[in-house]
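Reading through the structure tokens given below for one structure.
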Amino acid sequence: MKYRMLLLYAALVAGLGAFAPRAPAADPLVIRFSHVVAPDTPKGKAAEFFRARAEALTGGRVQVEIHPNSSLYRDREEMEALQLGAVQMLAPSLAKFSVLGVTEFEVFDLPYIFDDEAALAKVTRGPIGKRLLASLESRGIKGLAFWDNGFKSFSANTPIRTPEDLHGKRMRIQASKVLEEQMLALGAIPHMMAFSEVYQALRIGVVDGTENPHSNLYTQRMHEVQKHLTITDHGYLGYAVITNARFWDALPWSIRRQLEQALEEASVYANRIAREENARAIEAVRAAGTTEIHELDADGRRAFKRALIPVHRSMAARIGPELIQAIYRETGFDPDRF
Ligand code: LMR
């Protein structure tokens, strides 16, 4: 309720001006970029990089305000805020687009669908990625770029060495039906919850565990309230950078071009740092000494794959079987090899 009030207030204050970027020369055009993670994460750093480049390339005609850590809006509210024009840019995780009625983005949540970053890049930087971004236009949203975070691990308060270890565990998930199905396939109990609430929910025991790339786990201090973490790499987490289409289309051509360039550079940067940021984060978790880190051997990895690959089939109707097949063709993924 509080967030909705804040949202409406911000929309009123931003008002119609949000859609009318014809500011006098002395008045910089302000872009509010809201996100839910810490500044010291792949997304947080890429947003900062974008801010610096956008301001430099436009010679200060554009000013980018970054609002990290859900300080303005939580997951769902930020989508509404973008559509209302209360903020101009977001980079929600790909798991969170179904609130717009676009379920295809949940294809990125299918367990193990990308063997590595190279397979992922074939999709996000190729025609499939372009088509997915373009599909947002019907929602008044312009998809600008994909930014990586990385592959997810499971964490909990008891060791997770086999899929059976997650049986009966209450696991926090993002708002994605595919992730819900993934947890059900493991016999776990999925709990959808905004990112900003996860630390507290883990701390007081509303949920037993969760999944995220290590950079998110560490910067939200989840390791302080999770005794075990298993490096599973069972799923991908990345972002689509999006803007309000009316706002973007109304920008003077030269500014739009400069912002596109800033974004291109920020995307290269984001996708370059993601892996090293996550590697640093897992070492920081290790150094903190609060969480035992488990690695799976080949048999262990196979057991998780066997338990989770059936989700591809059970979620095909929701995502679109053609899209899933197109990704298999692009990446060479063969679900029958497990
Ligand atoms: C989550 O909600 O778990 C994360 O995806 C948040 C984010 O934006 O990385």
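One-based numbering, in listed order, for ligands and for the atoms of each.
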Legend entry - hydrophobic_cluster_shared for L184 and V178, side chain cutoff 4.5 Å: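 No, V178 does not connect to L184 through the hydrophobic network.
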Legend entry - Salt-bridge criterion met for D115 and R337 (N-O under 4.0 Å):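 A salt bridge is present here (some side-chain N lies under 4.0 Å from a carboxylate O).
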Legend entry - Close approach of R172 to ligand 1, heavy atoms, under 4.0 angstrom: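 Heavy atoms of R172 do come under 4.0 Å of ligand 1.
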Legend entry - Non-hydrogen atom of K96 closer than 4.0 Å to ligand 1: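 A heavy atom of K96 does come that close to ligand 1.
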Considering heavy atoms of the protein only, find what lies nearest to [atom] and give residue, atom and distance to 0.1 Å.
atom: atom 9 (O) of ligand 1; result: Y239 OH, 2.5 Å
atom: atom 8 (O) of ligand 1; result: K43 NZ, 2.7 Å
atom: atom 1 (C) of ligand 1; result: F195 CD1, 3.2 Å
atom: atom 5 (O) of ligand 1; result: Q174 OE1, 3.0 Å
atom: atom 7 (C) of ligand 1; result: V37 CG1, 3.3 Å

Legend entry - Polar atom proximity, E211 to ligand 1 (N or O, under 3.5 Å):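 No, no N or O pair falls under 3.5 Å.
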Inset, instruction - Indicate, as side chain, backbone, both or neither, the part of T41 found under 4.0 angstrom from ligand 1 when only non-hydrogen atoms are considered. - result: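 Under 4.0 Å from ligand 1, T41 contributes no heavy atoms.
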Inset, instruction - Would you mind telling me if ligand 1 is within reach of the side chain of N212, the backbone, both or neither, using heavy atoms under 4.0 Å? - result: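 Answer for N212: side chain.
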Inset, instruction - Tell me yes or no: between the side chains of Q174 and E211, is some donor less than 3.5 Å from an acceptor? - result: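 Side-chain D/A pair, Q174 to E211: absent.
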Inset, instruction - Check whether the side chains of D334 and Y328 place a donor and an acceptor atom closer than 3.5 Å, and report yes or no. - result: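 D334 vs Y328: no donor-acceptor pair found between side chains.
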Legend entry - Stacked cation flag R74 on F195, 6.0 angstrom / 45 deg: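 No, R74 and F195 do not form such a contact.
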Legend entry - Within the 6.0 Å centroid threshold, strictly below: Y199 and H223: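 Centroid separation for Y199 and H223: 6.0 Å or greater.
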Legend entry - Pair H35 and H67, ring centroids less than 6.0 Å apart: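 When the ring centroids of H35 and H67 are compared, they turn out to be at least 6.0 Å apart.
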Just which atoms of ligand 1 are under 4.0 Å from any heavy atom in [X]?
X: S93; result: 5 (O)
X: V36; result: 6 (C), 8 (O)
X: N216; result: 4 (C), 6 (C), 7 (C), 9 (O)

Legend entry - Under 3.5 Å: donor-acceptor pair, side chain of D165, backbone of T162: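 Looks like yes, one N/O pair under 3.5 Å.
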Inset, instruction - Would you please classify the geometry between the H234 ring and the F154 ring as parallel, tilted or perpendicular, with 30° and 60° separating the classes? - result: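 Parallel, since the angle between the ring planes stays under 30°.
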